[in-house]
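Residue numbering restarts at 1 for every chain, and letters A, B, ... go by the order of the sequence lines. Any value given below was found using the heavy atoms of this structure, including those in side chains, with hydrogens, waters and symmetry copies removed.
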Amino acid sequence: MNLSLILLAVFDGVSYAALVFMVAVGLTLIFGVLRILNVAHGSLYAIGAYLTASIGGAVVAAGYSPILAFPLMLIAAALVGVLLGAPIERLLLRRIYAKSEVLQLLVTFAVFMILEDVQRLVWGNQPYFESSALQLLGNIQVFGVYYTSYQLVLLPVVALLTLIGLRLFLRRTLTGKLITAVTEDREAARSIGIDADRVYLMTFVLGAALAGLGGALASPTTSVLPGIGAEMIVLSFAVVATAGLGRIEGAAVAALLIGLGRSAATYAMPELQVLVPYLIMLAVLLVRPEGLFGTPAARKI
Amino acid sequence: MLTRTLLSATILATALGTGAAQAQDKPDALKIGVATFLTGPASVFGVPARDAAQMLAEEINAEGGIAGVPLEISFIDEGAGGEALTTEYRRLVEEEGADIMFSGISSGNCMQIAPLAEDLEVINIMWDCGTQRVFEEGDYDYVFRTQSHATAEMLAVVLYLLKTQPDFETIAVVNQDYAWGRDSWDIFSTALKAMKPDVEVVGEFFPAFGAPDFSTEISRLSATRPDVILSTSWGGDLNTFVQQAAQRGLTQQSQFVLPLAESSLEALGPALPDGVIVGGRGDHYFAHPEMVGTERFDSFVSSFKEETGAYPIYSVFHMVQAFEALKAAYAEAMEENGGSWPNDQELIAAYEGLEFQGMGRPVTIREGDHQGVEAQLIGTTVQSGDYPFATLENMMIFDGAELTTPVGESSIDWVGALSPDFVEKIEPTTFD
Amino acid sequence: MQIRILIPVLAILALALVPMLAPSLQVLMTLALAKGIAVMGVTLLLRAGQVSFGHALFFGIAAYAAAFAAASNLDDLFLLLFVGAAGAAVSGLLVGLFVVRYRGIFFGMLNLAFSMIFWSVLEKFYHLTGGADGLRLARPEVLGLALDRAPFELLLYYLALALTLGLGWFATRWLGSPVGQLFQTVKTNETRLEYLGISAQATLLKGYILSAVLCGLGGVLVATAQGIVTPAYAYWIRSGEMVFIAVLGGVGSIPGAVAGAIAYEVVRIYAAAFAADVWQLVLGAFLLAIILFAPSGLMGIYGALMDRISPRRAAAREEKTSAQAAVQTKEART
């Protein structure tokens, strides 16, 4: 394998990692605050993708400029956060915070099953493919190989901005500080008068919107079809667990690790490609059970 | 074959014993169970085929059913998984009393259903099953296939490729990672190496079924620059792969060969570039050059388009074949037994060696192994502007008989023994 | 006659009569009982407070082991069960050695990782495992006899029933045994266990292996009944399903595992038959309803019902507040 091939593999890995990170970051944020591993996160990702692809397709078909696809992605993400995230937290999760971990997980599993069918009822079984946003940005040629600017430049930039934005939001704004406080110590935060219910709701809506945004961003690069949520959720589980639950920066590193590992496998041993994320996860967890950046739990979970 | 001799003996005995007067009474309805994908990725084939089945049954019933017996159709979702499929299959046969089953699409399901149908003693028509293994690895009395299988489908594509582009040197494959993707590549590559021994395989990729992203594979292929890129993928996977490849200029670099892309022409729209070699698992095409202009074909295509909003694809035509075979088999069986309602054995006898016509050239079901022999249509895409999607030009239609593995032989051994002069020997009908 | 004894006896009797009274349900019930056995494995771990989101691993390993055995000359139903159980036990030991060091969500995730690796291997190594289409498992002989479909299925049903009762009894006895008691202490107070000088990890490992074997036996039965094994046997959704059934039946209840599996299969099959487009939605809604309105599952509902019918015993147990405790007590008596 020569240098240019290695670089090609790196480009592919980074662009893939960017997409995975966008989904995983919402998952880890929700876990950090609510202590719930949201299985339905995959469905929210899928719905974000469906919304963007179907509305985007209609907008372009109606003769409007494909540049509208970009604001549409944000709108789709907001819709997922507000119309799905908010009711899920308020109507379902709020009732089960006191219950055992298993029940919490299963509630989100049930929501996942329901949303899988809802997607099919709304969007049918035929795949959607709407890539005008990606075509708009054109191609870049590297070592004689064409890459789309969307995947090579835009996705990593958006992922990076999300990471920095989230960091600033959590450290610099009041709402963000409240969220951080609840993440660090739920009981203490409550005792100093933080409205934990509100923080939970905001976090969940934000996390859900991030899943929706991940889906929206992925939609121009892929066919949107039933089942994409189920694949994505296990992959983001792997990222989140590798990183350490609730670790946002860690999720970025883990996504990068998994993305690079996966593309290296495609070049060297294509047959191992699907195994790579789980092997990385297993290897990390066996050495550091709390994940790369996790801290050992202070109290018994 | 002993079983068949015994079978004919039984039929004879039944015929003699019962006589025309005591023939089976006509049932109130002919119950058909249809297994197809209503959910999951393969529903891109399954749902249009279900729509077709409903249309066809309505049409037949409007004409008074089969010999006055109306059809009653129930559907099973293959997408619910193997367990649900077999449980529901049994329920339909054992409880609802289904008279005949049409099942199914997925190779895995077909391999599972064939012995089950034999156990339950219900006639099962494999209406869209691609795997050649069913009849090569098993011998069934109750199972028939009303269309071709992977071997003939792949062989036709190899021949088309070698006839149109004899000078290529390298090939790479990107197939879905499951039986169809693996088996079709085994057959394709074995046949290709037999007929063009100097060809070099420069890349074999089997991305996971339903993979959302082929960027890495495309980068790798762009760097390798094979002359020909084959993909027997279908549905969402094919659409994703083609769109991503087209966006990144790979379709200009290499000759694409997509044996199942007939089913994606409309879905891909303007994204499918000119010059891609496309097949449709049989001679299935909504603008079949030999069929366009015949009244039945034209009215079916336009009413299907009206009903569902899309042009019919090969799975729809396969469903038509299952129904046409059903009509033909009943007609033949009733002619044999003097007009009374046939029993299972009489129907089986009628299906063996049956010739019928769907929306393409006539199909025969071989007596020896119950395998359908179907013509193959291959063409090259062109964005002509007549439709909002690519259509086919330079079409060739291959006769099925020469491309179907002979009875009792294994497909891989048979195609492996072909020689380069096979390419010249086969003379398809060509169209512009 | 005590109603608390009468009802389980009636239930078992009803199960024993299924092939005569409702022959059409026989195959469905075989699958349900087989899954019930597998779910007992998950239930067992729940008693130690651990949730595995990857127990389909053992279900799958045993099923594939059986399929490989069936393809060789070890083609006998009882040998298949033995091979499957052995495969599950060995892999349970190997995986268990790693995962018993973890608790809670990490335990669940590690199990998930192992099962997903196994799933990927099944999917990828097509020439060995048949890839996504899986392997056929032709009807095996039974003690040297080649049976037809009908008698074989009947036999398989009664075998599943016998194994369900036998293994259910065994699992209940095991939980009541000293090792089983220590095992459950992992949930309530692991630290105390360590103070007693007993290795919590070693205790957990024993239960883990037992749970793997239970899952494995369930897997072999399902594979034999289906005649095919596919990677879907080891997919995470299957693991989720098992936890789902365990909770549906009643968290930690062995009879609940079986009751839950039967309820689940019936809902699933009828939802698939009569609402083919939305069967997942129906199941999901069913699960939500159970968790929100009857978190102690079917056995909890049953226990509450019994308390109403024979209040004398309920009064005697008044201090026991949680339905969970009620379920456990009842098991000890049945």
Test item: A/Leu5 and B/Arg220 side chains (from C-beta on) under 4.5 Å apart, heavy atoms: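 With C-beta onward as the side chain, the pair touches.
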
With A/Tyr147, the side-chain hydrogen bond (donor to acceptor under 3.5 Å, both in side chains) member among B/Ser215, B/Ser222, B/Ser219: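 Only match with A/Tyr147 under side-chain hydrogen bond (donor to acceptor under 3.5 Å, both in side chains): B/Ser219.
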
Please classify the contact of [X] with chain A as side chain, backbone, both or neither, using a heavy-atom distance under 4.5 Å.
X: B/Ala267; value: neither
X: B/Val47; value: side chain
X: B/Gln253; value: side chain

What distance do [X] atom [atom1] and [Y] atom [atom2] have between them, rounded to the nearest 0.5 Å?
X: A/Gln141; Y: B/Arg248; atom1: CD; atom2: CZ; result: 11.5 Å
X: A/Ser223; Y: B/Phe241; atom1: OG; atom2: CZ; result: 12.5 Å
X: B/Asn239; Y: A/Tyr128; atom1: CG; atom2: OH; result: 13.5 Å

Just wondering, more than 12 heavy atoms not from A/Ile67 lying within 6.0 Å of its CD1?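 Not buried by this count: 12 neighbours or fewer within 6.0 Å.
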
Is it true that, when you exclude B/Glu169 itself, more than 12 heavy atoms of the residues, nucleotides or ligands shown sit nearer than 6.0 Å to its CD?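 No - once you tally the heavy atoms of other residues, nucleotides and ligands closer than 6.0 Å, there are 12 at most.
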
Is it the side chain or the backbone of A/Leu19 that comes within 4.5 Å of chain B heavy atoms, both, or neither?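 No part of A/Leu19 comes within 4.5 Å of chain B.
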
With B/Thr240 as reference, evaluate A/Val224, A/Thr221, A/Thr222 under the side-chain contact (heavy atoms from CB on, under 4.5 Å) test and give the passing residue.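 Per the side-chain contact (heavy atoms from CB on, under 4.5 Å) rule, the option paired with B/Thr240 is A/Thr222, out of A/Val224, A/Thr221, A/Thr222.
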
Assess the side chains of [X] and [Y]: does a donor N or O sit below 3.5 Å from an acceptor N or O?
X: A/Thr266; Y: B/Thr216; result: no
X: B/Gln244; Y: A/Gln151; result: no
X: A/Ser131; Y: B/Gln247; result: yes

Looking at A/Leu8, A/Asn139, A/Leu225, which one has more heavy-atom pairs under 4.5 Å with chain B than the rest?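 Looking at each of A/Leu8, A/Asn139, A/Leu225 in turn, A/Asn139 comes out on top.
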
